[in-house]
Chemist: 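Below: one structure in structure tokens.
We count ligands from 1, going down the list as the structure has it; atoms in each ligand are counted the same way. Below, all heavy atoms of this structure are taken into account, side chains as well, without hydrogens, waters or symmetry copies.
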Amino acid sequence: MLQICNNNFETNVGRHVKVQGWVHAIRKMKENIFVDIMDGSTPKMLQLVIPKENKPDNLSFGSSIEAEGKLALGPNNRIELHTNNVIVVGTCDVMDGYPFAPRKQYHEDYVREFLHLRPRTKKFSSLLRLRDITSAGIENYLRSRNYINIHAPVLTSNDCEGAGELFLVQPNSKDLLKSMKREDLTEEESFFNTKAFLTVSRQLHLEAAARAFTKVYSFGPVFRAENCNSRLHLAEFYMLEAELAFINNIDNIMIEVESFIKYIIKDVFEKGASDVDAIGGCEIQWLNDKFTCMTYDDAINILQNNTSCLKSPVKSRTNLSKEHELFLVKHNNNVPIFVTDWPKEIKPFYMKECKDDASKVSAIDLLVPTVGELVGGSIREDNYEKLKSNLPLTSNLSWYLELRKYGNVPTGGFGLGFERFLQFIFNIPNIKDTLPFPRWPHNCSL
Ligand SMILES: NC(=O)C[C@H](N)C(=O)O
């Protein structure tokens, strides 16, 4: 079996091979039928040349086939398969509800209505391959720099960000809940003896692991119960989170983030070049520029001087709106910006106070074109007493506090939203088109 990605066809000319795939185009000529197939291993198609009399009756656009024959050099110097042995594995009756037709371009909103068939469309299959290449690039990069991958749990009893955007998890069986019920626990608590949620961030677990392995990361799904249906939000998304021990200066985190992002983009543009071409090319202007660094107060000043161009009000000591984030980046010639020194009251409990200003925390948001905030990171509060007084009253984070008691070290880290990263690298207008089966409010049907 030959996969189309094995593009050493040149050396294979004359060889007898078997291929498999899905039909993307059929052209009927006088003596032969020309069929383009894709097998998903590459954006490239392979042309089959089938003598008219050997074409199976049920061969159509969208059907899956197997073909055996001889590879030959075609008139345009492309390698094609000459075959009189084609088997239709699965038919596809285009008149019976198949939502796509040959040689037609569809808007992504339409294609998204058919999530189960979408991976077979040409552009989306390129996007999913690019997602795979980027994700492998991230793992390889971190491994090569001695980060240890920690499989932190999806189920957790903590609300890391303290923002209340949690999905509650409990058994679906009333009988099970009844059998596990205890007087002192609510029904929601009866399975784990505590409420359990889908994780919003693995940072707290990574902080525990960083105090044993120095450099750790986790790359997996996180969940946010936000009733937001924007082009930038998902209820389930992948987050890359990294945590480094023996770090007490946010500059180190910024250096780590900037070199990581630049490396991964260059790597995926190189390894995924044919898919990047297939989606119409991508260009990043600032790959050789240094990211800008400005304080939150500087950012607010810029916004306050430009209120006439902004719809959302600019208020100091509040979060930036998406409009503000995108304005700041544009104002900075579209070069990414690290915003530093955030007001303490708008950031989570785990961030460390700035040395020279106790009203600020040592945190960064990285703002980039197209999507705004891409990365959030901070130095973590490592002082036992200070952290104790910052902990939310209702939290059960005594274990997290205890990390500051035994063999404590300062740590810092960051989290990067993977889908936003893809959106921004490959210029994808809607985040729902960066992953195979997106979840967003009112949408979890398959
Ligand atoms: N690991 C991180 O620093 C990410 C951070 N906890 C967030 O969810 O934004």
Chemist: Write 'none' if nothing qualifies; otherwise put on separate lines each N/O atom of ligand 1 with a protein N/O atom under 3.5 Å away and their distance to 0.1 Å.
Modeler:
unit_1: ligand 1; atom_1: 1 (N); unit_2: E241; atom_2: OE1; d: 2.5
unit_1: ligand 1; atom_1: 3 (O); unit_2: R380; atom_2: NH2; d: 3.0
unit_1: ligand 1; atom_1: 6 (N); unit_2: E161; atom_2: OE2; d: 2.7
unit_1: ligand 1; atom_1: 6 (N); unit_2: S201; atom_2: OG; d: 3.0
unit_1: ligand 1; atom_1: 6 (N); unit_2: Q203; atom_2: OE1; d: 2.7
unit_1: ligand 1; atom_1: 6 (N); unit_2: Y350; atom_2: OH; d: 3.3
unit_1: ligand 1; atom_1: 8 (O); unit_2: E161; atom_2: OE2; d: 3.3
unit_1: ligand 1; atom_1: 8 (O); unit_2: R224; atom_2: NH2; d: 3.3

Chemist: With a 4.0 Å cut-off, would you call E207 and R404 a salt bridge?
Modeler: yes
Chemist: Looking at every non-hydrogen atom in both residues, tell me the closest pair between L166 and N158 and how far apart they are.
Modeler: CD2-O, 4.3 Å
Chemist: Looking at F61, F124, Y106, which one forms a ring-ring contact (aromatic ring centres under 6.0 Å, His included) with F100?
Modeler: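 Testing F100 for a ring-ring contact (aromatic ring centres under 6.0 Å, His included) against F61, F124, Y106 leaves exactly one candidate, Y106.
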Chemist: If a pair satisfies ring-ring contact (aromatic ring centres under 6.0 Å, His included) and one of its residues is in residues 153-188, list it, with sequence neighbours excluded.
Modeler: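 Those involving residues 153-188 do not exist here.
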Chemist: In the structure I gave you, are the side-chain heavy atoms of K330 and L326 within less than 4.5 Å of one another anywhere?
Modeler: no
Chemist: Kindly indicate whether the side chain of P438, heavy atoms from C-beta on, has any atom under 4.5 Å from the side chain of N443.
Modeler: no
